[in-house]
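Read the structure below first, then the notes.
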Amino acid sequence: MAEPVATPASPLKRTPLYALHVSLGGKMVPFAGYEMPVQYAPGVLKEHLHTRAAAGLFDVSHMGQVAVVPKSGTVADAAAALERLVPQDIIGIPPGRQRYAQFTNAEGGILDDLMVANFGEHLVLVVNAACKDADIQLLRDGLSGVCDVQPLADRALLALQGPKAASVLAKFCADAEAMRFMDAGPRNVDGLTCYVSRSGYTGEDGYEVSVPADKAEQLAEALLSDKDVLPIGLGARDSLRLEAGLCLYGHDIDTATTPVEAALEWSVQKVRRSGGARAGGFPGAGKILAQFDSGAARRRVGLKPEGRAPVREGATLFATADSAEPIGKVTSGGFGPTLNAPVAMGYVPTALSALDTVLFADVRGQRLPLRVAATPFVPNTYKR
């Protein structure tokens, strides 16, 4: 979970919910330049299991929220412009829907991953905290002739996740239960003008709610007043997303990783691939499309250690128990509370990426066996 942290020259920022986290007993730690709660009194294990069984409330206000407003007044113009920066079909996102995307560089690497929603008259993006300043500059450099790029710095972001999220949010938002996975747009929530998407980062059904910053604590307290909802920290957020097989930027994906290597081919629609109506036209298209056509030399895979010991990020992978030549690295790893077993993800040569391939990880000088496994490790429960 290592992220760029503040130096003495750049004091840690606080989200609008900082005081609430402290009052709830949150253990605050540096994360992506912010003071964020890593856990509360129940601890990571109980917070994780509560989210899988009921509903957890996460503060994700450190993420960047950005409106991309077309100067022409036609949202398709903003979508076409954004397609110059990402390999996804943005023009094809219907109003009221959102899509997962990546900013790529000239070498095909991933500068950041993000969500893009079509609000009818403009687009709204949610980007990662550690990348948001660079992302905003990238958008301004690439789109300024066509769009106004407007950081939504006056908004907080809450994530309500778990099987009871819909019944909880329905008490505050009349439209909540009718929304489908990846629906997104303005909604009235507890009398507040919010932006709501039915999505999240846990593999569970749930929502992300963008709320005016000065009303964030009011809304968070209203949601937490429900007996099914507990506040959840970064520790459980990480273990939940790992069980869901979801990438963490700067760990499982980065500027040296292409979408194909990262097993994110599903996120690149056919219209942007070779032979599609709008093939290419994004940074690194030559390399990325060549990998679609011919394959990549390495691939992100799920990994299940055969023992009880977790295999952590950074562990070196080997093809055999006694080989001297490393073949890859673990990029995320830990204990999966839902499975009551360790899980991990990492990069291996494509030739060794088949399910059930036995590999070995170096853990404190010992070679521990693990198997290539399908992700998600825990089936998702999205409402499609």
A cation-pi test, strictly: NZ or CZ of R300 under 6.0 Å from the centre of the six-membered ring of Y347 and no more than 45 degrees from its axis. Yes or no? no
Quick one: does E243's side chain have a donor or acceptor within less than 3.5 Å of a partner on V378's backbone? no
Taking the side chain from T104 and the backbone from P283, do they hold a donor-acceptor pair closer than 3.5 Å? yes
Quick check: are there more than 12 heavy atoms from other residues, nucleotides or ligands sitting under 6.0 Å from NZ of K71? yes
Cut-off 3.5 Å, side chains only: do S332 and H251 have a donor facing an acceptor? no
Quick check: do Y195 and V189 have side-chain heavy atoms less than 4.5 Å from each other? no
Would you check if there is a donor-acceptor pair between the side chains of D254 and Y249 at a distance under 3.5 Å? no
Looking at side-chain heavy atoms only, is the closest gap between V311 and L317 below 4.5 Å? no
Side chains of T350 and R299: any donor to acceptor distance under 3.5 Å? no
Is the charged tip of R84 near the ring of F282: under 6.0 Å from the six-membered ring centre and within 45° of its axis? no
Sort out for me which residue in K383, R99, R97 forms a salt bridge (charged side-chain N to carboxylate O under 4.0 Å, His left out) with D183. R97
Polar side chain donor-acceptor pair, T331 to D252, under 3.5 angstrom: yes
Salt bridge or not between D89 and R272? Use side-chain N to carboxylate O under 4.0 Å. no
I'd like to know if E306 pairs up with R371 as an ion pair, taking the criterion as any Lys NZ or Arg NE/NH1/NH2 lying under 4.0 Å from an Asp or Glu carboxylate oxygen. yes
With a 3.5 Å cut-off and no angle check, do the side chains of E265 and Q291 form a donor-acceptor pair? no
K287 versus T258: any side-chain heavy-atom pair under 4.5 Å? yes
Min side-chain heavy-atom separation L242-D238 under 4.5 Å: no
Cluster overlap L17 with Y34, hydrophobic side-chain contacts below 4.5 Å: no
Flag this pair as yes if the NZ/CZ of R237 is under 6.0 angstrom from the six-membered ring centre of Y201 and inside a 45 degree cone about the axis; otherwise no. no
Counting only heavy atoms not in E121 (residues, nucleotides, ligands), do more than 12 fall under 6.0 Å from its CD? no
For D141 and Q137, which I'm curious about, is there any donor-acceptor pair between the side chains at under 3.5 Å? yes
Can you confirm whether the side chains of T51 and Q161 place a donor and an acceptor under 3.5 Å from each other? no
Residues that H21 engages under side-chain hydrogen bond (donor to acceptor under 3.5 Å, both in side chains), provided they are two or more places apart: Y40, D59
If only side-chain N and O atoms count, and only distance matters, is there a donor-acceptor pair under 3.5 Å linking E204 with T381? yes
Contacts of R198 meeting side-chain hydrogen bond (donor to acceptor under 3.5 Å, both in side chains) (sequence neighbours excluded), chain-then-number -> D205, Y207
For a 4.5 angstrom cut-off between non-hydrogen side-chain atoms, does V68 reach L82? no
